Number of protein chains: 2
Amino acid sequence: MSTDHPTPTLHARHDHAHCVADALTRADALCAQRGARLTTLRRRVLELVWSSHRPRGAYAILEDLSQQDGKSTAPLTVYRALEFLVEQGLVHRIESLNAYVGCASPGASHSGQFLVCEGCGDAAEIDDSSIRTAIESAAIARGFRVQRPTVEVRGVCKDCQEKHP
Amino acid sequence: MSTDHPTPTLHARHDHAHCVADALTRADALCAQRGARLTTLRRRVLELVWSSHRPRGAYAILEDLSQQDGKSTAPLTVYRALEFLVEQGLVHRIESLNAYVGCASPGASHSGQFLVCEGCGDAAEIDDSSIRTAIESAAIARGFRVQRPTVEVRGVCKDCQEKHP
DNA sequence: GTAGAGATGTTATAAAATAACATCATGAGC
DNA sequence: GCTCATGATGTTATTTTATAACATCTCTAC
Ligand SMILES: [Zn+2]
Ligand SMILES: [Zn+2]
Ligand SMILES: [Zn+2]
Ligand SMILES: [Zn+2]
């Protein structure tokens, strides 16, 4: 029995509840420290983004939210919460998927580099200084001032390679 | 007098007609060589994508097309042409803009790296081996098999920096 | 408590992309 | 030339993603 995207396999079998709890705790701390308001709604959206390591679309989150509450929510509600979360660096938008994923290390410097698996759908965030440096150098060489580098690498993760050799 | 995105400034003042002619010639040659059918429609869409160095949205191209012909064209027509052009490596899709831009060196190896200027909107395609290598190494280190790296760097180009210092 | 700012609700609409099916054009083989 | 298979385009409808405009609520500072 298998579906297209079975279970998250970022690191095969891990305590994901811990990922979520940890993310929420750090978010609480960061926002408190910054005086940013992590409201109930925003916190809930953050939790839903973190429901797996697969980037989720705004409308998927919307559905979750509506389902949980019974009452239906408007898209804008979700988009606004996501906007806040992205601004605070708690969530990243994966441009090539029109989807959002929890940030692995909020607070730290962020260039946003992702390995996105075509098999399981997981997006692993990395922060590779060689990539950052290489991009910066290439830009400087052309007189280009970097503001926001986007790196999204499609491919197949280790686990998925082993499953389909 | 100035608009948001005045004229392409990829390399300030250049013979852009030459860029276009060149791109079309190379496209003709490549497709002939591959037995791919660069039909009138596809060729026209390619020309419209090349109308500047700014990535253009599918619907913008659609408008151009409809306007030129008088008769209105369906979105799908444009999307199908773009799909073909992307498959042939003649055009790149800029994920973070939902837009398309002509490829600077079709036929050659393609990792698709872009410096996208927030000022003039131009997207300069680069093919930097350090970036390619850094991504590949980072992926390998994690057992990840790279299929399609996406690099889209937002920032400000040289010309735009000089204009707004 | 009252104002003001920021957050959320509500309704409508825009922008981007695809699905399903019909028709047309092209080129290989006869 | 004609026929047929394949691929390209036309047509209509729909889905998915994102934003605009304006009303209401809520928290906080004073
Ligand atoms: Zn986890
Ligand atoms: Zn995988
Ligand atoms: Zn040019
Ligand atoms: Zn510029």
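Bear in mind that the values here come from a model prediction, so they are computed numbers and not experimental data.
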- prompt: Within the structure, does a side-chain N or O atom of A/Thr77 lie under 4.0 Å from either OP1 or OP2 of C/dG9?
  reply: yes
Any pair counted as salt bridge (Lys or Arg N to Asp or Glu O under 4.0 Å), so long as it reaches residues 81-92 of chain A, sequence neighbours left out: none
task: When you get a sec, tell me which of C/dT8, D/dT11, D/dT9 is the closest nucleotide to the side chain of A/Arg42?
output: C/dT8
statement: A/Glu95 atom CD is separated from D/dT17 atom C1', nearest whole Å, by 13 Å
- request: Scan nucleotides 13-28 of chain C nucleotide by nucleotide, 5' to 3', and note B when protein non-hydrogen atoms come under 4.0 Å of the base, S if they reach only the sugar-phosphate, - if neither.
  value: ---BBBBB-----S--
- prompt: Rounded to the Å, how far apart are B/Glu83 CD and D/dA8 C1'?
  reply: 12 Å
- prompt: What about A/His92 and A/Phe114, are their ring centers closer than 6.0 Å?
  reply: yes
Atom-to-atom span, NZ of B/Lys71 to C1' of D/dT9 - whole angstrom: 10 Å
Using atom types as modelled, flag every donor-acceptor pair under 3.5 Å from a side chain in residues 21-31 of chain B to any protein atom, sequence neighbours excluded.
| from | atom 1 | to | atom 2 | distance (Å) |
| --- | --- | --- | --- | --- |
| B/Thr25 | OG1 | B/Ala21 | O | 2.8 |
| B/Arg26 | NH1 | B/Ala104 | O | 3.1 |
| B/Asp28 | OD1 | B/Arg43 | NE | 3.0 |
| B/Asp28 | OD2 | B/Arg43 | NE | 3.3 |
| B/Asp28 | OD2 | B/Arg43 | NH2 | 2.7 |

Would you give me the side-chain donor-acceptor pairs under 3.5 Å for residues 139-157 of chain B, sequence neighbours excluded?
| from | atom 1 | to | atom 2 | distance (Å) |
| --- | --- | --- | --- | --- |
| B/Arg142 | NH1 | B/Ala138 | O | 2.8 |
| B/Thr150 | OG1 | A/Glu152 | O | 3.4 |
| B/Glu152 | OE1 | B/Glu95 | N | 3.4 |
| B/Glu152 | OE1 | B/Ser96 | N | 2.8 |
| B/Glu152 | OE1 | B/Ser96 | OG | 2.5 |
| B/Glu152 | OE2 | B/Glu95 | N | 2.7 |
| B/Arg154 | NH1 | B/Glu118 | OE2 | 3.3 |
| B/Arg154 | NH2 | B/Ser96 | O | 3.3 |

message: Would you say A/His18 and A/His16 are linked by a side-chain donor-acceptor pair, where the criterion is simply a distance under 3.5 Å?
response: no
Test side-chain contact (heavy atoms from CB on, under 4.5 Å) applied to A/Glu63 - qualifying residues, sequence neighbours left out: none
- prompt: If you fit an axis to the five pairs at each end of the helix from C/dG1-D/dC30 to C/dC30-D/dG1, how big is the angle between those two axes, to 10 degrees?
  reply: 30°
query: Under 30°, 30 to 60°, or over 60°: which ring-plane class applies to B/Tyr59 and B/Tyr79, parallel, tilted or perpendicular?
result: perpendicular
query: At under 4.0 Å, does any side-chain N or O of A/Thr39 touch on OP1 or OP2 of C/dT8?
result: yes
message: If I take atom CD in residue B/Glu87 and atom C1' in nucleotide D/dA8, what distance separates them, rounded to the nearest angstrom?
response: 13 Å
message: Rounding to an integer number of Å, can you tell me how far A/Leu62 CG sits from D/dT15 P?
response: 16 Å
query: Given atom CZ of A/Arg43 and atom P of C/dT8, what is their separation to the nearest angstrom?
result: 14 Å
Side-chain (A/Thr77) to main-chain (A/Thr73) donor-acceptor, under 3.5 angstrom: no
query: Out of curiosity, A/Cys160 SG to A/Asp122 CG, how far, rounded to the nearest 0.5 Å?
result: 7.5 Å
